[in-house]
Amino acid sequence: QVQLVESGGGLVQAGGSLRLSCAASGLTFSYYTMGWFRQAPGKEREFVAAISRSGGSTYYADSKKGRFTISRDNAKNTVYLQMNSLKPEDTAVYYCAADRTTVQAMNVRGMDYWGKGTLVTVSS
């Protein structure tokens with residue numbers, strides 16, 4: 001059974017940083033492109049960042065470039081999202097997802113697997 005388990009969310013002040021983790025099990029982790037998505041209250045889920053199977057290629061939503069960094073450790077079956085200079089509008093539930101596609105093709109529809117999410121709250 002495939003499981004993606006996110007952790008690292010919490011309450012942080014604006015301008016602060018958080019590092020999210022997503023631990024995968026039940027799948028051959030290195031076969032999957034991994035991505036982070038988020039869903040703010042009352043809004044649709046949106047793409048944040050993706051990383052290729054080897055970690056050699058990354059792709060970000062335009063608004064996240066420069067503040068967010070995605071990385072992965074295939075030895076630990078874990079993908080990370082480092083978030084800096086957080087803003088109140090970054091408040092959302094953050095989800096990781098896995099799919100056998102390219103980083104540019106990662107989107108909210110058609111992901112093979114989803115985690116249950118971790119809540120990030122940024123106070124002003």
Side-chain angles (χ1 to χ4, degrees):
Q1 181 181 0
V2 174
Q3 283 192 312
L4 302 178
V5 180
E6 301 94 336
S7 62
L11 175 64
V12 63
Q13 288 188 333
S17 298
L18 280 177
R19 188 194 195 203
L20 306 183
S21 300
C22 171
S25 60
L27 77 170
T28 305
F29 185 68
S30 61
Y31 286 6
Y32 287 82
T33 298
M34 299 298 297
W36 285 97
F37 297 77
R38 71 184 188 185
Q39 187 165 15
K43 296 187 176 181
E44 294 185 350
R45 193 171 299 189
E46 64 174 359
F47 170 78
V48 174
I51 188 165
S52 63
R53 290 172 291 179
S54 68
S57 179
T58 58
Y59 184 67
Y60 296 89
D62 286 344
S63 61
K64 315 303 183 293
K65 289 180 181 178
R67 294 194 301 125
F68 291 8
T69 303
I70 189 171
S71 62
R72 68 190 292 162
D73 186 338
N74 284 353
K76 295 182 178 180
N77 286 3
T78 302
V79 60
Y80 305 96
L81 185 69
Q82 177 68 43
M83 304 186 294
N84 299 326
S85 302
L86 284 163
K87 306 174 182 179
E89 51 264 43
D90 293 318
T91 294
V93 177
Y94 284 71
Y95 299 89
C96 72
D99 197 78
R100 296 188 185 192
T101 186
T102 64
V103 290
Q104 293 88 348
M106 294 287 279
N107 64 79
V108 297
R109 298 173 182 83
M111 293 292 97
D112 286 345
Y113 305 107
W114 288 96
K116 294 183 178 180
T118 185
L119 176 63
V120 171
T121 304
V122 184
S123 64
S124 57

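Atoms OG and CZ, from S21 and R72 in turn, are 13.5 Å apart once rounded to the nearest 0.5 Å. Atom OH in Y94 sits 7.5 Å away from atom CG in L20 (nearest 0.5 Å). Atom CG of N77 sits about 7.0 Å away from atom CG of L27, to the nearest 0.5 Å. For the atom pair OG1 (T78) and CZ (F29), the distance works out to 6.0 Å, reported to the nearest 0.5 Å. Rounding to the nearest 0.5 Å gives a distance of 7.5 Å between OH of Y60 and CG of L81. Considering CE of M34 and OG of S71, their distance stands at 11.5 Å, rounded to 0.5 Å.
Contact detail for T101 and A105: the closest heavy-atom pair is OG1-CB, 3.1 Å. Of all heavy-atom pairs spanning P88 and A14, the tightest one is CD-CB, 4.1 Å. Across every non-hydrogen atom of S30 and N74, the tightest pair is CB-ND2, 3.8 Å. Considering all non-hydrogen atoms of both residues, A50 and M106 come closest at CB-CG, 3.7 Å.
Under the 4.5 Å side-chain heavy-atom criterion for Ile, Leu, Val, Met, Phe, Trp and Tyr, F37 and V2 are members of distinct hydrophobic clusters. Note on I70 and F47: separate hydrophobic clusters, where clusters join Ile, Leu, Val, Met, Phe, Trp and Tyr whose side-chain heavy atoms are under 4.5 Å apart, directly or indirectly. Both L4 and V48 are part of a single hydrophobic cluster, where members link through side-chain heavy atoms under 4.5 Å apart. Clustering ILVMFWY residues whenever any of their side-chain heavy atoms sit less than 4.5 angstrom apart, transitively, puts V108 in a cluster other than the one holding F68. Two different hydrophobic clusters hold Y80 and L86 under the rule that ILVMFWY side chains link at heavy-atom gaps under 4.5 Å.
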Would C22 and V79 count as a side-chain contact (heavy atoms from CB on, under 4.5 Å) here? Give the steps. CA-CA 5 Å; C22 171; V79 60; 3.4 Å; yes

Test T102 against Y59 for side-chain contact (heavy atoms from CB on, under 4.5 Å), laying out the working first. CA-CA 10 Å; T102 64; Y59 184 67; over 6 Å; no

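A disulfide bond (SG atoms under 2.5 Å apart) check over residues 32-92, counting only residues at least two apart or in different chains, returns nothing.
At a threshold of 4.5 Å between non-hydrogen side-chain atoms, the residues S123 and Q13 count as touching. Inter-residue side-chain proximity for V103 and T58 is flagged as unmet; no heavy-atom pair is nearer than 4.5 Å. Between M111 and Y95 there is no side-chain heavy-atom pair separated by less than 4.5 Å. Using a 4.5 Å heavy-atom cutoff, the side chains of M83 and V120 are in contact.
Looking at E6, its side chain does come within 3.5 Å of a backbone N or O of K116 through a donor-acceptor pair.
A donor-acceptor pair shorter than 3.5 Å can be found between the side chains of S17 and N84.
Ion pairing between a basic and an acidic side chain is recognised when a charged N comes within 4.0 Å of a carboxylate O; R38 and E46 show such pairing.
Shown are D90, V122, T91; of these, the side chain to side chain contact (heavy atoms under 4.5 Å, CB included) with V12 is made only by V122.
Counting non-hydrogen atoms of neighbouring residues, nucleotides and ligands closer than 6.0 angstrom, the CZ atom of R53 reaches no more than 12 such neighbours.
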